[in-house]
Protein chains: 2
Amino acid sequence: MASIKEIAKAAQVSCSTVSRALNHKKGVSTEVRDKIIKIAEDLSYFPHSGARSLVQNRAGVIGVIIPRTSEFAFQSPFYNHVLLGLSEMAGRHDYNLMLIINDSRSYTSFYYRHQVDGVIVVGNRINDERTIELAEKNVPAVIVPGFPEGEYQNLATVNSENFKSTHRAVSYLIGLGHRKIAFVLGSMSSKYSFERLEAYQKAFREHDLDYDPAYVAESDFTKTDAYRLMGELLDLDQPPTAVICINDTLTPGVLQQIFSRGLKIPQQISVVAIGCSDLLDLVLPPLTTVRVPAEAIGQTMARVLIQLIETGHCNKRHTVIPTDFIIRESTGPAIGQGG
Amino acid sequence: MASIKEIAKAAQVSCSTVSRALNHKKGVSTEVRDKIIKIAEDLSYFPHSGARSLVQNRAGVIGVIIPRTSEFAFQSPFYNHVLLGLSEMAGRHDYNLMLIINDSRSYTSFYYRHQVDGVIVVGNRINDERTIELAEKNVPAVIVPGFPEGEYQNLATVNSENFKSTHRAVSYLIGLGHRKIAFVLGSMSSKYSFERLEAYQKAFREHDLDYDPAYVAESDFTKTDAYRLMGELLDLDQPPTAVICINDTLTPGVLQQIFSRGLKIPQQISVVAIGCSDLLDLVLPPLTTVRVPAEAIGQTMARVLIQLIETGHCNKRHTVIPTDFIIRESTGPAIGQGG
DNA sequence: TTGTATGCGTTATCAG
DNA sequence: CTGATAACGCATACAA
């Protein structure tokens with residue numbers, strides 16, 4: 001593979017002149033420059049990125065960390081949409097994306113190795129020590145969703161409107177007369193589960209209602225587990241008249257359990273899905289949905305991180321992306337459902 | 001950030017000794033080694049990957065090239081599953097993944113820049129000149145699906161059983177009495193579309209039937225286009241009694257068109273889906289499916305590429321991954337459908 | 001067992 | 001406008 005040296009030899013100039021010419025710096029005569037550029041093309045020359053990062057102290061790469069199994073990361077519409085947004089925005093700013101999925105290594109290590117100029121953590125778990133290390137070591141980083149506490153120079157967060165959207169969905173169901181509202185959550189080590197459960201509880205309190213913990217199910221975020229848990233919920237003496245699914249991976253499991261029992265939606269049970277999947281649009285009846293704009297989350301993360309990397313600070317340390325509440329046909333009044 | 005030099009100073013030894021100790025090479029006394037390792041940890045030392053790639057001529061990175069819009073790449077279950085397989089296998093062999101989505105740059109350039117040790121092209125378009133360049137410049141590469149022709153030292157291909165599986169699906173429908181079988185394809189610049197159309201034609205020929213090109217629709221691989229084309233197909237004087245959807249992105253559009261007209265599956269129209277989506281399992285009635293094991297495709301690609309990179313050759317230059325044909329409830333006899 | 005010297009490909013500083 | 005030289009961080013051949 002060609003190096004700057006060979007070009008220099010072929011053009012009968014020094015390495016410095018070649019470097020200047022190829023980097024479009026001034027101080028090279030037009031004829032010499034043209035000659036060098038032509039030779040470089042003929043030799044299919046490209047600069048060695050490692051050598052460059054050595055002198056320039058810049059990798060041109062953003063690390064995308066997803067602390068989930070690859071299976072989960074790539075099958076979940078949420079992560080896919082976030083990646084989509086990241087990819088768009090990174091490309092627009094000439095950064096490449098390095099994927100770090102389900103990796104046990106320290107998050108800072110990729111930065112210390114100079115493999116990446118900064119990292120994005122998607123699906124951060126509450127109290128993951130590696131995220132804290134990221135902050136303490138001052139590595140440029142953007143975290144979703146949120147970060148426990150503290151203000152750090154090089155750390156920003158992006159959040160979707162978890163609390164507000166869930167609160168709205170639960171209030172809506174309560175308004176329809178529902179009292180036994182099942183809530184299929186993911187793991188409680190996820191901020192998504194945590195914040196949304198708080199919203200659920202608050203909505204009940206605001207309507208002077210007690211909420212029954214029996215209707216709240218903590219899943220491992222898989223379809224299989226959602227299927228199982230929904231089964232248990234429907235087996236209760238007083239089965240729920242409505243159910244909220246916390247994300248796209250759980251919704252199919254919940255629906256399959258409902259379908260398998262021949263229950264009618266929304267006549268016998270109302271369903272609200274939180275998520276961003278297009279494929280779930282196919283379900284009949286069309287689902288009442290809290291639509292999470294995951295693509296916008298990805299775009300925002302990339303934009304903020306690049307600002308952090310290039311300027312050392314960012315305009316807005318904590319961004320919250322609004323969600324939509326779309327009422328369709330899977331929710332109806334609780335009247336006449338017995339119980 | 002700490003370098004080998006600082007460690008050397010702190011340990012009062014030379015750089016070479018530090019390098020040897022940290023790389024677990026012999027020729028370092030145990031006490032010196034332990035001392036060096038401790039200091040390295042204290043200083044959170046990690047080797048500079050650029051400097052290393054300069055000396056070792058190895059990046060430890062696999063380039064994953066998807067010549068599609070990021071939107072398409074991340075929303076298509078096929079690409080997601082392939083990425084899943086890639087990610088698993090790469091991680092197991094200590095390679096990182098660099099994502100190159102919808103990028104107009106030459107594929108070889110990433111290799112020439114020493115950013116990657118080899119590349120994987122997912123969703124190669126027939127006659128994409130950049131793929132040919134990859135082969136001619138002898139860059140370690142694995143292509144899916146297939147590659148026009150020629151044998152190259154550093155190039156391998158992975159294919160799913162496109163022809164055979166489609167052939168089986170069409171034969172099955174013909175066996176059920178269907179004659180007007182619509183086939184919603186993607187772009188004809190995709191080898192998937194091309195090979196599957198050939199299989200479709202061959203199945204008709206084998207049954208001494210003429211196939212009518214009017215039933216073959218070439219889409220742009222989007223759900224919207226599938227919806228539109230299925231509309232046109234159903235508007236024909238002699239509408240199809242069965243339809244085959246060539247992949248997961250098209251299936252939802254086709255189904256929505258069918259649902260929107262209130263047509264019953266399979267009584268009024270039979271549906272066969274080709275793909276690998278789990279979410280589509282939710283559709284009622286359960287779809288007869290050609291299941292493409294995309295995850296296995298990804299795993300195989302990574303395995304072969306790594307062998308190519310590390311040994312300079314591979315055991316099997318062209319791998320074909322078998323598909324499953326799963327008969328469920330969306331297909332039925334063509335009898336009594338008029339026409 | 002350890003240290004010295006060299007080179008990988010690039011950019012930057014400085015002198016001419 | 002151009003060239004020589006040093007430096008980035010690391011690994012290694014060779015010398016001690």
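On a predicted model such as this, the values are computed, not experimentally measured, just so you know. Any value given below was found using the heavy atoms of this structure, including those in side chains, with hydrogens, waters and symmetry copies removed. Numbers restart at 1 for each chain; the letters A, B, ... are given by sequence-line order, proteins then strands.
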side-chain hydrogen bond (donor to acceptor under 3.5 Å, both in side chains) partner of B/Thr108, the single match among B/Arg130, B/Glu133, B/Lys137:
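Of the listed residues B/Arg130, B/Glu133, B/Lys137, the side-chain hydrogen bond (donor to acceptor under 3.5 Å, both in side chains) partner of B/Thr108 is B/Glu133.
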
Name the nucleic acid region contacted by [X], choosing base, sugar-phosphate or nothing; use a 4.0 angstrom heavy-atom cut-off, strictly under.
X	result
B/Ser16	base
A/Lys25	sugar-phosphate
A/Asn23	sugar-phosphate
B/Val55	base

Taking the six-membered ring of B/Tyr95 as reference, does the NZ or CZ atom of B/Arg58 fall below 6.0 Å from its centre and within a 45° cone about the axis?
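Because its charged atom sits under 6.0 Å from the ring centre and within 45° of the axis, B/Arg58 does stack over B/Tyr95.
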
May I ask you to evaluate whether [X] reaches the phosphate of [N], defined as a side-chain N or O under 4.0 Å from OP1 or OP2?
X	N	value
B/Lys5	D/dC8	yes
A/Ser53	D/dC8	no
A/Arg52	C/dT11	yes
B/Tyr45	D/dC10	yes

Separation of [N] [atom2] from [X] [atom1] (nearest whole Å):
X	N	atom1	atom2	result
A/Leu22	C/dA12	CG	P	13 Å
B/Lys35	C/dT1	NZ	P	16 Å
B/Arg33	C/dT1	CZ	P	9 Å
B/Lys9	D/dC10	NZ	P	14 Å
B/Ile4	D/dT12	CD1	P	11 Å
B/Ile36	C/dT1	CD1	P	13 Å
B/Arg113	C/dC8	CZ	P	21 Å
B/Met1	D/dG9	CE	P	10 Å

Distance-only donor-acceptor check, side chains A/Ser49 and B/Gln115, under 3.5 Å
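No, no side-chain donor-acceptor contact under 3.5 Å.
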
In terms of side-chain heavy atoms of A/Val28, which of D/dT2, C/dG3, C/dT11 is nearest?
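Out of D/dT2, C/dG3, C/dT11, the nucleotide with an atom closest to A/Val28's side chain is D/dT2.
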
Identify which nucleotide among C/dT2, D/dC10, C/dG9 has an atom closest to any side-chain atom of B/His48, counting heavy atoms from C-beta outward.
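Looking only at side-chain atoms, B/His48 lies closest to D/dC10.
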
Using the ring centroid of each side chain, check whether B/Tyr112 and B/Tyr107 are separated by less than 6.0 Å.
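Between B/Tyr112 and B/Tyr107, the centre distance exceeds or equals 6.0 Å.
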
Can you work out whether B/Thr30 or B/Leu54 has the more 5'-proximal nearest nucleotide on DNA chain C?
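Checking each residue's closest nucleotide, the 5'-ward one belongs to B/Thr30.
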
Step-by-step salt bridge (Lys or Arg N to Asp or Glu O under 4.0 Å) determination, B/Lys38 to B/Asp34:
CA-CA 6 Å; B/Lys38 174 155 188 355; B/Asp34 291 348; over 6 Å; no

Report, as yes or no, whether the 6.0 Å neighbourhood of atom CZ on B/Phe194 holds more than 12 heavy atoms from other residues, nucleotides or ligands.
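At most 12 heavy atoms, drawn from other residues, nucleotides or ligands, come within 6.0 Å of this atom.
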
What I want to check is whether an N or O donor and acceptor connect the side chain of A/Ser19 with the base of C/dA12 at under 3.5 Å.
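Not at all, since no donor on one side and acceptor on the other fall under 3.5 Å apart.
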
Test for a donor-acceptor pair under 3.5 Å between the base of C/dG3 and the side chain of B/Arg20, counting only N and O atoms.
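Such a pair exists between side chain and base.
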
